Amino acid sequence: MFNGIHHVAIICNDYVKSKHFYTKILGFNVIAENYREARDSYKLDLALPDGSQIELFSLPNAPQRPSYPEAQGLRHLAFKVNDIDAVVEYLVSHSIDVEPVRVDEYTGKKFTFFSDPDDLPLEIYQV
């Protein structure tokens with residue numbers, strides 16, 4: 001019945017900063033960018049290589065996330081990578097703080113976390 005994840009929606013505080021982070025640093029491709037005048041906000045559709053998408057929204061005066069990352073609801077967004085060490089090195093070279101790499105006790109796979117400009121927890125998981 002369900003075939004996969006189509007998109008994940010993210011609400012950001014600073015649209016220009018977040019757009020730069022997701023497109024220039026993480027390298028996601030822009031599908032569409034629209035300014036929604038009635039909401040005084042942007043909607044940016046981004047494509048990942050596997051066909052999944054991120055919708056990046058700017059909403060004026062959106063409340064901050066209640067806690068990091070243990071609030072009820074979506075905990076974090078995880079991205080598949082082939083070489084976690086190379087990705088960590090790349091992120092650090094762009095002044096992004098990355099937690100130490102850990103090994104999943106159940107799968108034996110390497111993973112770690114970093115944050116987007118709004119402190120949304122993002123994970124990289126080596127496949």
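The model shown is predicted, which means the values in this text are computed figures rather than measured ones.
The CG atom of Leu26 sits 8.5 Å away from atom CG of Asp116, with the distance rounded to the nearest 0.5 Å. Atom CZ in Arg75 sits 12.0 Å away from atom CG in Leu120 (nearest 0.5 Å). A distance of 15.5 Å separates OH of Tyr22 from CG of Asn29, quoted to the nearest 0.5 Å. Distance check, rounded to the nearest 0.5 Å: OG of Ser58 to CG of Asn13 gives 9.5 Å. Here the CZ-CD distance, from Phe111 to Gln126, works out to 12.5 Å after rounding to the nearest 0.5 Å.
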Tyr42/Asn34 under side-chain contact (heavy atoms from CB on, under 4.5 Å): CA gap, chis, key distance, verdict: CA-CA 6 Å; Tyr42 282 91; Asn34 296 289; over 6 Å; no
Start with the C-alpha gap between His76 and Phe113, add the side-chain angles, then the distance that decides, and say whether side-chain contact (heavy atoms from CB on, under 4.5 Å) holds. CA-CA 9 Å; His76 62 263; Phe113 291 90; 3.7 Å; yes
Take His20 and Ile25 through the test side-chain contact (heavy atoms from CB on, under 4.5 Å) and record every step on the way to the result. CA-CA 7 Å; His20 173 82; Ile25 295 176; 4.1 Å; yes
side-chain contact (heavy atoms from CB on, under 4.5 Å) assessment of Val88 paired with Ile84: CA-CA 6 Å; Val88 167; Ile84 196 166; 4.2 Å; yes
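Checked against the 6.0 Å centroid criterion, the rings of Tyr15 and Tyr35 do not qualify as a close aromatic pair.
Leu122 places none of its side-chain heavy atoms less than 4.5 Å from the side chain of Ser115. Gln53 places a side-chain heavy atom less than 4.5 Å from the side chain of Ile31.
Ion pair Arg102/Glu99 flagged as a salt bridge, since at least one NZ, NE, NH1 or NH2 atom sits closer than 4.0 Å to an Asp/Glu carboxylate oxygen.
Taking a 4.5 Å side-chain heavy-atom cut-off between Ile, Leu, Val, Met, Phe, Trp and Tyr, the cluster of Ile11 extends to Phe57, Leu59.
Around CZ of Arg39, the count of heavy atoms belonging to other residues, nucleotides or ligands within 6.0 Å does not exceed 12. Enclosure of atom CD1 in Ile5 is not indicated, since only 12 or fewer non-hydrogen atoms of other residues, nucleotides or ligands lie within 6.0 angstrom.
Considering only residues two or more places apart in sequence or on other chains, Val87 meets the side chain to side chain contact (heavy atoms under 4.5 Å, CB included) condition with Val81, Leu91, Ile124. The ring pair (Phe, Tyr, Trp, His ring centres under 6.0 Å) check on Tyr125 picks up nothing, with sequence neighbours excluded.
Taking the six-membered ring for Trp and thresholds of 30 and 60 degrees, Phe21 and Phe114 have ring planes inclined between 30 and 60 degrees apart.
The salt bridge (Lys or Arg N to Asp or Glu O under 4.0 Å) pairs that include a residue from residues 5-20 are Lys19-Glu33, where partners are two or more places apart or lie in different chains. The side chain to side chain donor-acceptor pair (under 3.5 Å) pairs that include a residue from residues 78-96 are Asp85-Lys110, where partners are two or more places apart or lie in different chains.
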Please tabulate, one pair per line, all N/O donor-acceptor pairs under 3.5 Å involving side-chain atoms of residues 43-52, not counting sequence neighbours.
residue	atom	partner	partner atom	Å
Lys43	NZ	Asp45	OD1	2.5
Lys43	NZ	Asp45	OD2	3.0
Lys43	NZ	Glu55	OE2	3.4
Asp50	OD1	Ser52	N	2.9
Asp50	OD1	Ser52	OG	2.6

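In the hydrophobic cluster analysis, where Ile, Leu, Val, Met, Phe, Trp and Tyr join through side-chain heavy atoms closer than 4.5 angstrom, Val101 is grouped together with Leu77.
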